[in-house]
Amino acid sequence: MRVTLVPTCVVDTVAPEVGVAVTRVLRRLGHEVSVPDEVTCCGQPAWNAGFADAAAKVAGQTLDALMQDDPEVVCVPAGSCATMMRVYWPQLFESVGDSPSASRARALAERVKEFSEFLSRESLHGGRYEKKVAYHHSCHMLRELHLEKEPIAALRSLKGCQVANWEDDKRCCGFGGLFSLKQPEISVAMADEKLDSLEESEAEELVGCDASCLLQLEGRVTRRGMRISVRHLAEVLDEAYSRDA
Amino acid sequence: MERQAFLDGLRRSLADEMPPNAAHPPPAVIGVPSIAYASAAEGDVTNRFQEAAEAHGSVVRRVSRPADLTDLIAEIGSTYGSTIAVLSSDQETEGLRELLAERGIAAGHYLDPSTPATLGITGALAGIARTGSLVVSSARAGSRGASLIPPVHLCILRASAIVDAPSDVWRRWDVFLEGDPSQIVFVTGPSKSGDIEGVLATGVHGPVAVWIAITEE
Amino acid sequence: MTHDLLTGTKLRTRAAAAIDNERLGSVLREFTDSINARRLVAERDIANHQELKDAARALRSGMISRLPDVLSRFADELEARGVSVYWATDAQEACAYVTEVATRSNARLGVKSKSMVTEEIGLNEHLQAAGVEVVETDLGEYIVQLADEMPSHILAPAIHMDRRDIAALFNRISGGDLSDVPAELIAFARGRLREKFLQADLGISGCNFGVAETGTLVLVTNEGNGRLVTSIPKVHVAIMGMERLVETWDQLDLMMTLLTRASTGQDISVYVNHLAGPRRANEVDGPEEMHVVIVDNGRSNLLATEFQEMLNCIRCGACINVCPVYRHIGGSGYGWIYSGPMGAVLTPLLNASEEAGELREASSLCGACHHACPVGIPLQDLLLGLRRHRAQEKAGRSEKATWAAWASAWSHPSTYRASTKTASVLARIVPDRVKVPRWGVGRDAPQPPPGPSFRVWLKKGER
């Protein structure tokens, strides 16, 4: 099918490799990937800071772009962005008095799928990834979208891939958007708690479905000089499938 | 502030409509559901009561004859080093004073909180099997302090008064408010606190020990 | 100690101090993890737990929407049973009334069981100023009162102190020689406080729930001090936040089932004390006089706003125990009596100061609180609401202008692409320390790989 992909602003700014990997994986599964030019950002940065008008302006642009594309499915490679679109867009538009957009957002919601959620409806074959990985459950994905087993299933579908037992896998990484800048000490303490037990898990790689969480964790991993790679689930699958080719 | 002004102020505030939360809307629920427990209530209710009461730190004994009761009270005395006992007015303590006198154990009526008594003996309106709780009514007991002031509390509980769950008391409140008590307390084991280093310790302000004598009645 | 909000301090500073205190941090994390684990076990024992939480959310909200009528019924029932009811709009009125009651009964000593609302209104200080000594009897509150410190958790106020600290404290006041064995410390406190209970003229308690149907107060405790406070002194005054009501006993059953499990992981507290009035003619003890002070103190400002659901809170502490921020900064990080997510929401709603408002930032919006809350309060949404209010009422022109510029740029594809390209280039060429200074507190900046942006790659048609 034709999959409409929302890259997310993190991918568009500092993580193009995630967008590339998602596209390659979707194509390998036989889908056509469409990224409308007019899609920008879901508006979450401003929404989280309390600036609803600014958020609605940007979200409105993306909503219109998606409606124009008349998508069968909207794939979002980030739990927090998928949550913004599915859970918060109706409230966002209502709060600025734009009921028509709120209605359209409600209608679109059921077509919005986070990346691993989309994969859970697919038959995943092949791929080799001989690594022990630790999976970070990002907060929105876990608690708002209720996606917990989907990413794990995708990892386990790869030959040789072991998912480590990680005591603090479900704790918040400390990113929280601007929180990471406004309260850096708390943000870093939160990351450290996760990374301390990550070392104990003996995982070689840290994998997640939210590039923003991964930015936070990778930033701290690097500063601490930890020998562990940090990747998005899409990058793992992309590499795993490329070994088959 | 005067009551009317206070309440009118609230009515004015509530006159506006509350903005809805479209992200996490409240569920539409009618009525109060029953409590469904994951563990089925299997077996005799008296046995279940004993198990739960013991799990919460109470000592439980079955008592079939009056002599068993006085034996138990003597045992409590030797466990804690003394027996100065006071009795509540619950029907379960009727005749106990005389029985204890025959054993040479002096027991008066609970009268005031400065009592030097080491043991307070009461009955109970009910027992709750799931939690091992005692339901003590100040109307029946004639006081609040008999089950509270002395460091050891002995409760004489009729097996027929044991119900399954807290719902059976809370949802049948009209029954339990009989006698117009000023206070009804559910007691589940000795007093506890985790305030020092989060470590659970017993015997804080309330009784340090709760003994329960279940009679066959 | 006064429980006034810590003013003149910033969240970052308080947080950094707490984070630097390694022992405090590990105590907080151990305590909250252990109590949270017990909550999960206890909640699994209820087969229809989610159904109960949904019902509780609906019933609490429904009750609040009917609050004037429910309060009216409650007060009628109380008065019919010989209880005096006082309606306090604010802290000043509440404290003045209690002081008047104390003065009228010539009270010199008051004993108090745990009540967050009494800390909120500063009751102890008020009574003390009027010559009434007030002794906290909840073990943790007793300890922090003696130590003159802020409580660090609503359930375990002294958790930040260890046994050695407490032994030293007790030895200081008694001139004694206690070891630091908890059982010995508890026996000491028991003895000291038993004297106070017996001497006290006035007993002050809070109230977990008021049952409107029959005018009954319900107090949930484990130590027994709540029972002693309400049984021995001649006068009992209960202070109650006006929202702490249930309409019927059925609702009480539901709320109690949820409360003790969410709070401490217990199926039931050691004591559930149901108070129906002053002593009866056939009872040899109990207070001769009983008063209930119903407190507003800013709660009515939440009615019919997006924050009304905060009035559903039953003060269980479950949110505090799952909060990833609380576990690093503790009660002192929040600077007032309410901490964790419920503190971050309630404090700004009851206090207009800058310091209070700043607590809306003490969250990464992870949603763990909403998930744990037994009455389903969407605390993260309330925090977002607080941020929206601040953006509208208090944000400076330059901040508003920055967001407006961002919105302009990012609502147009061409400027979006241009700015994301710029950001990406900057990320590659500007040195770490300069990039985003606050990011650099503890983290290296992201290093995007060389090459085209994702959109350009896509257009190029590469595979």
Side-chain angles (χ1 to χ4, degrees), chain A residues 7 9 11-20 23-24 27 33 35 37-41 45-55 57-58 60-61 91 95 139-140 143-144 171-172 174-177 179-191 193 215-216 218-220 222-223, chain C residues 11-12 15-16 19 25 29 324-325 327-329 333 360-368 370-371 381 384 386-392 395 400 403-404 406-408 410-413 416-417 420 423-424 427 436 438-439 441-449 451-455 457-458 463:
Chain A
C9 63
V11 166
D12 284 331
T13 29
V14 294
E17 68 277 14
V18 174
V20 169
T23 305
R24 291 214 278 244
R27 283 174 179 164
V33 177
V35 181
D37 282 344
E38 293 77 17
V39 161
T40 60
C41 159
W47 172 249
N48 281 358
F51 290 85
D53 288 317
K57 195 164 177 185
V58 171
Q61 167 66 26
Q91 190 186 13
S95 78
C139 296
H140 285 135
R143 296 188 195 96
E144 297 293 340
R171 291 205 198 277
C172 179
F175 183 70
F179 174 81
S180 59
L181 301 179
K182 290 185 178 177
Q183 301 297 326
E185 291 79 15
I186 307 175
S187 176
V188 169
M190 288 163 70
E193 185 172 13
L215 272 184
Q216 158 85 349
E218 185 168 32
R220 189 60 182 156
T222 319
R223 180 63 64 91
Chain C
L11 173 60
R12 260 191 92 181
I19 290 166
R29 289 187 281 280
V325 171
R327 63 195 287 109
H328 295 286
I329 72 176
R360 69 186 169 257
E361 303 300 333
S363 170
S364 61
L365 302 173
C366 81
H370 173 42
H371 199 57
D381 291 349
L384 285 168
L386 286 170
R387 294 177 187 189
R388 278 197 298 281
H389 267 251
R390 183 235 153 220
Q392 277 156 12
K400 286 182 173 168
W403 282 110
W406 170 86
S408 254
W410 281 25
S411 55
H412 294 95
Y416 173 76
R417 262 194 302 283
T420 52
S424 146
V436 183
R438 290 222 188 159
W439 184 265
V441 171
R443 292 155 296 207
D444 283 3
Q447 297 290 344
S453 72
F454 168 60
R455 310 267 189 146
W457 174 87
L458 197 64
R463 299 257 127 196

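Side chains included, hydrogens not; waters and symmetry mates left out as well; all remaining heavy atoms used. Chain naming here is simple, since letters A, B, ... match the order of the sequence lines and numbering starts at 1 in each.
- Within the 4.5 Å cutoff, the side chain of C:R388 has heavy atoms near those of the A:W47 side chain.
- The aromatic rings of C:W406 and C:W403 sit perpendicular to each other, their planes meeting at more than 60°, with 30° as the lower class boundary.
- For the salt bridge (Lys or Arg N to Asp or Glu O under 4.0 Å) test, residues two or more places apart in sequence or in another chain that qualify with A:K182 are C:E361.
- With a threshold of 4.5 angstrom between heavy atoms, A:T23 approaches chain C through side-chain atoms but not through N, CA, C or O.
- Using a 4.5 Å cut-off between heavy atoms, C:I329 touches chain A through its side chain atoms alone.
- Of the two parts of C:L11, the backbone and the side chain both hold a non-hydrogen atom closer than 4.5 Å to a non-hydrogen atom of chain A.
- Of all the listed residues (C:A368, C:A391, C:C366), the one sharing the greatest number of non-hydrogen pairs under 4.5 Å with chain A is C:C366.
- One side chain, A:S187 or C:R443, offers a donor N or O that lies under 3.5 Å from an acceptor on the other.
- The closest donor-acceptor contact from the side chain of A:Q61 to the backbone of A:E38 lies under 3.5 Å.
- If you tally non-hydrogen atom pairs under 4.5 Å between each of C:S408, C:A16, C:S363, C:A15 and chain A, the highest count goes to C:S363.
- When heavy atoms are compared at a cutoff of 4.5 Å, A:R143 approaches chain C solely by way of its side chain, counted from C-beta outward.
- Among A:A191, A:A52, A:G176, A:G19, the residue with the largest count of heavy-atom pairs under 4.5 Å with chain C is A:G19.
- With a threshold of 4.5 angstrom between heavy atoms, A:E144 approaches chain C through side-chain atoms but not through N, CA, C or O.
- Under a 3.5 Å cut-off, the side chain of C:R387 and the backbone N or O of A:G50 do not form any donor-acceptor pair.
- Between the side chain of A:Q183 and the backbone N or O of C:S364, no donor-acceptor pair lies under 3.5 Å.
- Looking at C:R327, the atoms closer than 4.5 Å to chain A (heavy atoms on both sides) all sit in the side chain, from C-beta outward.
- With sequence neighbours left out, C:W439 forms a ring pair (Phe, Tyr, Trp, His ring centres under 6.0 Å) with no residue at all.
- Using a 4.5 Å cut-off between heavy atoms, C:A395 touches chain A through its side chain atoms alone.
- For a residue to count as touching a neighbouring chain, one of its non-hydrogen atoms must lie under 4.5 Å from one of that chain's; by this rule A:A189 touches chain C with backbone and side chain alike.
- In this structure, the portions of C:R12 lying under 4.5 Å from any heavy atom of chain A include both its backbone and its side chain.
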